[in-house]
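So that the names make sense, note that chain A is the first sequence line, chain B the second, and so on, each numbered from 1.
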Protein chains: 2
Amino acid sequence: MPNIKQVSQYAGVSTATVSRTLKNPEVVSPKTREKVLNAVKAVGYRPNWLAASVKSGRSNSIVVLVPNLVNPFFMRIVEGIEKTAQEYGYSVLLGDTQGNAELEHQYASMVLSNRADGLIQLDHSYPFSELDAELGADIAMVSVCERIKGDHGFPCIELDNHGACRALTHHLINYGHRSFGVIAGQIDSQIHRDRLAGIKSVLDEEGIIFTDQMLVGSSYSIENGIKGARELMELEQPPTAIVCFNDDIAIGAIHALKSMGKRVPEDVSVVGFDNIPVTPYMDPPLTTVDQPALEMGRRAMDMLHQMMSDKPLSRRRELLPFRLLERASSGPVPQ
Amino acid sequence: MPNIKQVSQYAGVSTATVSRTLKNPEVVSPKTREKVLNAVKAVGYRPNWLAASVKSGRSNSIVVLVPNLVNPFFMRIVEGIEKTAQEYGYSVLLGDTQGNAELEHQYASMVLSNRADGLIQLDHSYPFSELDAELGADIAMVSVCERIKGDHGFPCIELDNHGACRALTHHLINYGHRSFGVIAGQIDSQIHRDRLAGIKSVLDEEGIIFTDQMLVGSSYSIENGIKGARELMELEQPPTAIVCFNDDIAIGAIHALKSMGKRVPEDVSVVGFDNIPVTPYMDPPLTTVDQPALEMGRRAMDMLHQMMSDKPLSRRRELLPFRLLERASSGPVPQ
DNA sequence: CTGTTAGCGCATTCAT
DNA sequence: ATGAATGCGCTAACAG
């Protein structure tokens, strides 16, 4: 790889001039500018990004922690992050954590060692070990979709999960449902609490009792949906409506219900969450809550950029609006 | 951020000793080692990765070019890449290209500027502009899933697409089908040619004529599947079997067929490609070709690592085996 | 075993 | 407008 010195020699100027020509072309005379540019082309020079970064002390990279790459909803958020990062001149380092704390920690450490300038966390955990806790305290970090556990005060972008679940519940109640099951994803998370609270608040208002046995499941997977639906249907009083905390769970649940001979929505209504691309094409098309994933990613990156530029944040928390998509997997309660 | 000098002063040793303690602990005396380690902890020191990289001239990062993040099949490959990269001590820079040549070029240029040491391309295009062509010629690059266009001689990992399509076609012929439609994805690609050739080779052997009008579609999307299926069904002699070049297309096709009142597979058989996680749960479950995506990613990274370490490659091309998954979207030809 | 010195490639003073 | 010199933070060669 040719370096700046070779260019300077070829052009018969100093390295400083080469550097200037490339960064502030207007500050060098047109004549030398041309000489330098020609030299650059002639020797095939590309500025060494690493070297430039040591100087500036900034890597212009960020790390994104994703619990699961094979999840269209998460990746749509990442898409938004990356697009925006690109605009700001940042690169995205992918951290596939699989929800593994050790991995999260490893990736997060990149910020501590100047490998990245900031961090976006899609999961809810605080990805620094006790050892790094102090160091990590004043790092540029934003959480999107989930909210970082504990009282660290990191900003976050999230959906109005409480409101969305209220809307979902009202939707089902309007169809006459009085018996609700819930198949949850990650239990120990803010999302879980917000959503459950949203559902329960409406049920309370309507005087509907929600018993613990109506809450099943513990992961955002199709398999969990299958298992959860079976569990619910084996109850003495099975629910007529099932709220699933993501679309994969709903897909699994519907599959399980069908194979048990139940019709959706005639016998049981099922609703999901996220509005992943395949949901309109399921049989039946899935009633679900659309999350503005791309926009969430964009906002998260905007916010992170603010933090990395040491600009004050206008808000530390953004609650984005949901859209309830009423499709065919939910319907009137059976007689 | 504390630097190595501060640690050395705190510990009362030279910076070299600090550096050694951290990289080759066994080469310093236990006593100084302890002093240094204490100092490190005391000042909260983390080695600056950027600085270390300038020295070594290696970033220990790679770029992965992905045409579409919201595609479980692609992301499963990326998962394999990342896992393996991790093992080798590399980080993954995400390049969401959307098939955009300009973006591909930008991301690829990172290798030229020492921001990354190598590149894995999931799409088929050669991501260097003419200007960079010479520079790009001896870069560590591997293509996985697709094969890089042109005669650049970059190694690649791919599925036995030809064989897979032969198997798919035989499967359908065994069910008595004689009239085949194909809904294609990206037309201008090696995959497309290989797959089409695979299908045609079997049809030829069986004396079945395949006319151009039976080939429709031009992108790997659900919408393309819907459109393609409609086009095929509007023909005077619609096919009884439709081969889709990925699962999304198949999902769209089945949806369209159903809404036209056709039953799958009783009236029309549909098969897909990739075996994305949702396919077993579609209605009907999709007959498809499983690609060992994780393994493909792993092999790609293995190969790239070889190249980046200047080790000779055992092979320049790896053809991975497919698995035909016969599920319920394909069946006997209607009478 | 440890310290001194030099240098990775670049960008930014400070002179001129 | 340009060049010489300095330093970013770290590591490796060389001494001792």
Item to check | Gap between atoms CZ and P, on B:R46 and D:dG9 respectively (whole Å) | outcome: 17 Å

Item to check | Proximal nucleotide (of D:dG7, D:dT2, D:dG9) relative to the A:S29 side chain | outcome: D:dT2

Next on the checklist: Expressed as a whole number of angstroms, how long is the span from A:K5:NZ to C:dA11:C1'?
Outcome noted: 16 Å

Checklist entry - In whole angstroms, how far is the P atom of D:dA4 from the CD atom of A:Q9? => result 12 Å

Checklist entry - B:T32 near the nucleic acid: base, sugar-phosphate alone, or nothing, with a heavy-atom cut-off under 4.0 Å? => result sugar-phosphate

Checklist entry - To the side chain of A:N48, which of C:dA11, C:dG9, C:dT4 is closest? => result C:dG9

Checklist outcome for this item: By nearest-heavy-atom nucleotide on DNA chain D, the more 5' of A:A16 and A:V27 is A:V27

Item to check | Given B:E146, B:R315, B:M303, the one that forms side chain to side chain contact (heavy atoms under 4.5 Å, CB included) with B:I157 | outcome: B:M303

Checklist entry - For DNA chain C, whose closest nucleotide is more 5', that of B:K31 or that of B:A51? => result B:K31

Checklist outcome for this item: In whole angstroms, the gap separating C1' of C:dA11 from OH of A:Y45 amounts to 10 Å

Checklist outcome for this item: With B:Y126 as partner, the option from B:E104, B:Q121, B:M141 fulfilling side chain to side chain contact (heavy atoms under 4.5 Å, CB included) is B:M141

Item to check | Nearest-angstrom distance from the residue atom CZ of A:R20 to P of D:dG3 | outcome: 8 Å

Checklist entry - Of the candidate nucleotides D:dA12, D:dT11, D:dA4, which contains the atom at the shortest distance from the side chain of B:I4? => result D:dT11

Item to check | Separation of atom CG in B:L50 from atom C1' in D:dC8, rounded to whole Å | outcome: 10 Å

Item to check | No-hydrogen, no-angle side-chain donor-acceptor test under 3.5 Å, A:Q86 and B:Q106 | outcome: yes

Item to check | Which residue lies more 5' along DNA chain C, comparing B:P30 with A:N24 via nearest heavy atoms | outcome: B:P30

Item to check | Nearest-nucleotide pick for A:S14, side chain only, options being D:dG3, D:dT2, C:dA11 | outcome: D:dG3

Item to check | N-O pairing of A:E87 and A:K83 below 4.0 Å | outcome: no

Checklist entry - Heavy atoms under 4.0 Å, any strand shown: does B:V13 hit a base, just sugar-phosphate, or nothing? => result sugar-phosphate

Next on the checklist: Output the rounded distance in Å from CD (A:E26) to C1' (D:dT2).
Outcome noted: 15 Å

Next on the checklist: Keeping A:S109 on the side-chain end and A:L112 on the backbone end, is there a donor-acceptor pair under 3.5 Å?
Outcome noted: no

Item to check | Atom-to-atom span, NZ of A:K55 to P of C:dA11 - whole angstrom | outcome: 9 Å

